[in-house]
Structure formats: structure tokens, C-alpha cells
Protein chains: 2
Amino acid sequence: MNNIIKNHTGRSRTATLEDVAREAGLSPMTVSRALNNPKVVRPATIARVMEAVNVTGYIPNMLAGGLATSRTKLIAVVVPQINNNMFVDTVQAISDALAARGYHMLLCIVGYEPESETEIVATLLSRRPDGIVLTGIHHSSDLKRIILNANIPVVEIWDLTPTPIDMLIGFSHEKVGNAIGEYFLGKGFTRFGFICASDRRAVVRKNGAISVLRSQPGTEIREMMVSLPANMEVGRTALKEMISGGERFDAIICSSDTLAQGVIMEAEAQGLRVPDDFSVIGFADLNFAAHNRPSITTVSVDKWDLGIKAASMLADRIEGIPVEEPILDTGYRLVIRESA
Amino acid sequence: MNNIIKNHTGRSRTATLEDVAREAGLSPMTVSRALNNPKVVRPATIARVMEAVNVTGYIPNMLAGGLATSRTKLIAVVVPQINNNMFVDTVQAISDALAARGYHMLLCIVGYEPESETEIVATLLSRRPDGIVLTGIHHSSDLKRIILNANIPVVEIWDLTPTPIDMLIGFSHEKVGNAIGEYFLGKGFTRFGFICASDRRAVVRKNGAISVLRSQPGTEIREMMVSLPANMEVGRTALKEMISGGERFDAIICSSDTLAQGVIMEAEAQGLRVPDDFSVIGFADLNFAAHNRPSITTVSVDKWDLGIKAASMLADRIEGIPVEEPILDTGYRLVIRESA
DNA sequence: TTGTAGGCGTTATCAC
DNA sequence: GTGATAACGCCTACAA
């Protein structure tokens, strides 16, 4: 199992179906069948093929296969970032679920403000993926056109709309914001500080909360936009600035748990206590939120499940299995802990 | 720019070079050149081609292109996990650097104990990537064989050995451990607790520290292995168990900053103070380490730079640019902060 | 159950 | 500067 095959120039090249066929004394087509559709091949023949595969060290060429069948077992996944803890679980879940069904993941990390999502997706499509996962629901009409033209299933994730390109799984950021607003209104709070990352969906959540809070007369709101990535340091800095003028708040509403953790750190550094001096709420229920001190009140979204389901929907669709619910609202859960 | 091309069955299909050629009144070969090697084509011809590309909505087929050229502009990346904060920066850096040079990333997340790394890599190789990134230096001889047979550049990352498969960029986990041991010996500490994730490289770091600490008579060491993923909760639980018998330590040595953060949380929950009651050290200098309260003493490794360089080495090699140093030690830095 | 012919969409190579 | 031809490695469709 180490024969190096040479081409006419004497340079080694990788084995092809034809090499395997020659070794096994069969036609390439029979070898192909033995590998991809063994049911229709006599067991003894399969054995000969396997033997020859080992001898030649054959590794199929999916470029050729994909070209011939127009099926690549490749899924393109487009996300803004993975190192901010927000999408990484979803991506890992997608990867796991795809692997389990025999697909590979072409991952494209494009940032929150891709110069041209359309161009990026076009180059991705040049690999002829069997399906594609897009983060969010705001895409240019050019993007939609090329993707429809490619004629492959699409899943948009992490948001909700009645008019997705194709399939969709996510939740309503506005409703998440509403829920946060209602929770604090119920507590009778009136003075709010928002620390919001400059990410479109974070802004929608913020506005969702504000619209509820504003329904109550006398509500005071201070908003602060912070740059991405929204890490702990950013949270600390933001709180510092927010309270530097002596202004005080009943609650600080952060667009992520990471910011919330930073806010809590900074509060304690300044001798303030959460939730005694003010409440803090985050978003996403990242893995540390439940175990922080104080534990972080947040809105949980099922990041893992969302990824698994996105992958399943795509794989089902590709394989001709009907997708019962092409638009899935995964909802959210307000998780009340110590910080608010 | 919306013409839908039909094939003989009447089903729409994506435009090919030939469709573009027909539209432009040129041969497919000229269109191909206009797109890939415009220097050798007359400007007026290029303009006609571009026009036709727009009209037909042509998106190149890299399967066909790759098959013809045996260059795919695809890099396969194999990592154990991305949702534990350890590798995610490196992966994002690789992705960024590859994108900048026109490559796509096929990301495969295999877990810490892949059933068969060899098989996984074999399926990856069936995509005929131009290069491959492997995490770690321990690979089966089968794996090495198929990868050498594929005859593509390889970069192993996150570890060091004088005998890599091909190229290598990383650091010595043993030396990291040694440095931790020496730091604490220098402080005159004698009672150590290790909280170590069940990850091969973490164990090497632990043993590196222990071998130094043992050189000092009277050293007491308690070791605890914890399961992956090594998140904050695991750190808290581990410390709880570790001190439940009343045992006390001068320092707790954690295999990651996330564990260290959990240990610090739990310590404070129990009314113990870090570093007053005991010191805590982590590993990796994750983004929160510097901003935690207390800030976390750790060993910093340049996760981002490592990814950038890994990608550059691969791309250089693929493109025929000589790689000056195929084995790169990125080193490490003991970063002394408040926790130890 | 196995084999043959032709094509998938592109590019290398050689002509013009 | 442009075009014709023949691969690249595999699979569909049909024949045996």
C-alpha cells in the first residue's frame, strides 16, 4: 500500500480511478460503483477493488466527482465573526451536524460590515456548494439574485423575517429587546444605560427595549455605542465613561454577556455593587453567564440547537427530504439571575 | 443581467464559459484568458467579455478549474475545537490571512480525540486542497503517508518538534510549563494544585511545571484532571472539590485562563481572596485575562500571529515563494498580573 | 453484474 | 491576440 504512481514525465501523481481499475483488473466504472454504490456490485468484486484501493493509496477526487454529478457535499457558511463568543457555538454545531451527514464546511468569516457580501458569496458559489448558510436577513438584491440563480438551498440564521430568501432559523431581536424592556418596567426602574455594540442586530434589540421603556413616562435613557469586538475590556471602559459624570442608573443593558461581565467587573472595581447599586443584563447566555459572580441575568437563545437545525434543514433539502418548517422561530428565554 | 440559461431539458442551469463566449462572440478560451490572465488579452476584448459576464450572470466553476489546473485555492484546516476560546483566534487569523490571498478555508473541527484523524484528513484531501493546517504534532504514520502522498504543503501549529511533517509554527508546551514552575519556585511556594484539562498539550504543560517544581524538596503537588470543554463552570467545580477537604495551596495552576477565571470566582464565593490566600495562574492570555478582577497571571502565546504566519507560510509555499523558516518557534511570555 | 461512450466546465498547449 | 483540441477524473446512460 505504497505504490507511487508516476505520470509520463516521471513525476509522481495521485492515483485515479483508472489506476485502481488497472490494479484490480476491472473497468473504472466498476470501481466507481464499488465505492459509491456497493449494493449493485458483487461482493468478490468489491473485495478486489478495496484491495486495489489500498495498494494504490487511492483518494477520490471530489472535484471531478462534483463536476460530474453537480453535487459537492460542501456547505458554505458565512458568519460575521467567531472570536466574540456569539456565533462560535452555532458554527461548531453546524460543523458537527454537517460532518455527521457527510458534508464539509467552507467557512467564511466576513466581519460585521463586509465590503461586499455579494462578491464574497459569489466566490463561494464558484465552489458549487450544495447549500449555504448566511447570517442575518439583510442582503442586497444582487446577493439574492446570484443565490437564487445558483439554485441551491439557503438558510438564513440568527434573525427572523416573514420573507427569507429560502429557509430561515432564528429569533426576533426586537422581541428580545421588548422582553428586556418589560422586565425592567415591571421592576419600576426609570434610569437606564445602554451599552450597545455597533452591530445591526444589537441595535434592533436595544431599540426594542427602548420602545417599551419609553412607553412609561419619566423614563431616562442614556445610550452608548461601543466598537466591536465587544469584549470585557470594552464593557469596563464603557461603564467607566458612563458613570464618570456622576450619573446613576437603575439598570445597565448590554448587548452581550461579555459586555455585561465587563460592566460588573468595573462596577466592583469602583466600589459599586451589582445588583445593589444597579442591575446589569446581558445577552446570549454565554457559557460563563450562569457561573459569574454575580451570575448574569441575560436572554438565552439556543445557539447550539440553531446550528444543528440549520444544518439539518439544509441537508434534508439537498437530499430531497421535505423540510416541514422552513421558517423556524427558536425563540428566546429571559434568564433571571443575580445581576438583575 | 438576468438571462436564465436553459439546458436541453429546459431546466435552468448556471452559465458556463461557453455561454459567455457565445454572448461575447468569442471562444471560451479567450473568455478564460480575459478573466484569469487579462494581460494577454486586448482591452476591447476584455470589455466585451465583462459585458457578457454581466449579461449571463456567469460564476466560474472552480471544480472544473481545479480539475484542469490542480490548483484549488482551498486550504483545509483541522482543529480540535473552536468554542473553548483557545483556537478561535488562530482560526480567525488563518481565515483572514487566507482570504486576503484569495484562498478559501475548509474548516474541520474534529474534537480532541478524533476517532480517526487519518480518515478525516483523507476525506479532506479528496477536495484536493492546495495546503493543509493541522493542529498539533502527533499524527499517525498513516496520516503522514497520505499527506506526503498528496504532495501538498502542510503546516502543523500550536506545538513544536524538530521533525514536523513539513512546516511548523508553534511553541513548546513543556517550556511553558517549566516557566510556570520556575516562577513559583522563585516565590518560594511549596503547595501546588493543578487543574488540568484532559488535552494532551495541557498535560505536557502540567508535567513541564511539575518536573521543575519537583526539583525542590518538600514540594507538595495535587493534580486534578478535568473534562473538556474547560469552561468557567469546570474551573469553579474543580476548585471547590480541591479545597473541600480543607487542603490549602500556595498556587493553583490551571491549564487555561477560563479555568483560572472560574477558580477565582469560586475562591471569592468561598470567601477566599486571590492572590492573598493563594495564587492562580492560567494559560493563553485570553482576552478577558488582563481585565478580570483580579487580573489573571498567565502565559501568553501569540495566537493571532501564529495563525497569520501559518497561513502565510502555506500560501508562500503554494505560490512558489521560498519559506525562509519552515519551523517557527513563536515562543511564549509569562505575563505577571494580580492573580499570581 | 460489468463495461463503453460521452460529457461535466475549465485550462495547457499548440496553431494561426 | 485569439482559437481549436485535448486533457483533468469522475459519473450518467446505455449496452452487453
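Labels below follow one simple rule: chain letters A, B, ... track the order of the sequence lines, proteins then strands, and each chain is numbered from 1.
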Item to check | Between P of D:dC10 and NZ of A:Lys73, the distance in whole Å | outcome: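 For the pair A:Lys73 NZ and D:dC10 P, the rounded distance is 18 Å.
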Checklist entry - To the nearest Å, how far apart are B:Asn37 CG and C:dT13 P? => result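 The answer, rounded to whole Å, is 13 Å.
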Item to check | Beyond-backbone contact of A:Val41 with A:Asn37, side-chain heavy atoms, under 4.5 angstrom | outcome: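 Heavy-atom side-chain distance check fails, nothing below 4.5 Å.
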Next on the checklist: When you compare the side chain of A:Glu156 with that of A:Ile165, does any pair of heavy atoms fall below 4.5 Å?
Outcome noted: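 Yes, their side chains come closer than 4.5 Å.
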Would you indicate, yes or no, if [N] has its OP1 or OP2 atom less than 4.0 angstrom from a side-chain nitrogen or oxygen of [X]?
| X | N | result |
| --- | --- | --- |
| A:Ser32 | D:dC10 | no |
| A:Ser27 | C:dG3 | yes |
| A:Asn61 | D:dC8 | no |

Mind checking [X] for me? I need base, sugar-phosphate or nothing, with any heavy atom below 4.0 Å counting as a touch.
| X | result |
| --- | --- |
| A:Leu17 | sugar-phosphate |
| B:Pro60 | sugar-phosphate |
| A:Ser70 | nothing |

Next on the checklist: Should the side chain of A:Arg128 and the base of C:dG9 be counted as holding a donor-acceptor pair, with the cut-off at 3.5 Å?
Outcome noted: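 It does not, because no donor-acceptor pair links the side chain of A:Arg128 to the base of C:dG9 below 3.5 Å.
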Next on the checklist: Would you say B:Ser126 and B:Thr123 are linked by a side-chain donor-acceptor pair, where the criterion is simply a distance under 3.5 Å?
Outcome noted: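 B:Ser126 and B:Thr123 do not have a side-chain donor-acceptor pair below 3.5 Å.
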Next on the checklist: Tell me if a side-chain donor or acceptor on B:Asn36 pairs with a main-chain N or O of B:Ser32 at a distance below 3.5 Å.
Outcome noted: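 Here the side-chain-to-backbone pair exists.
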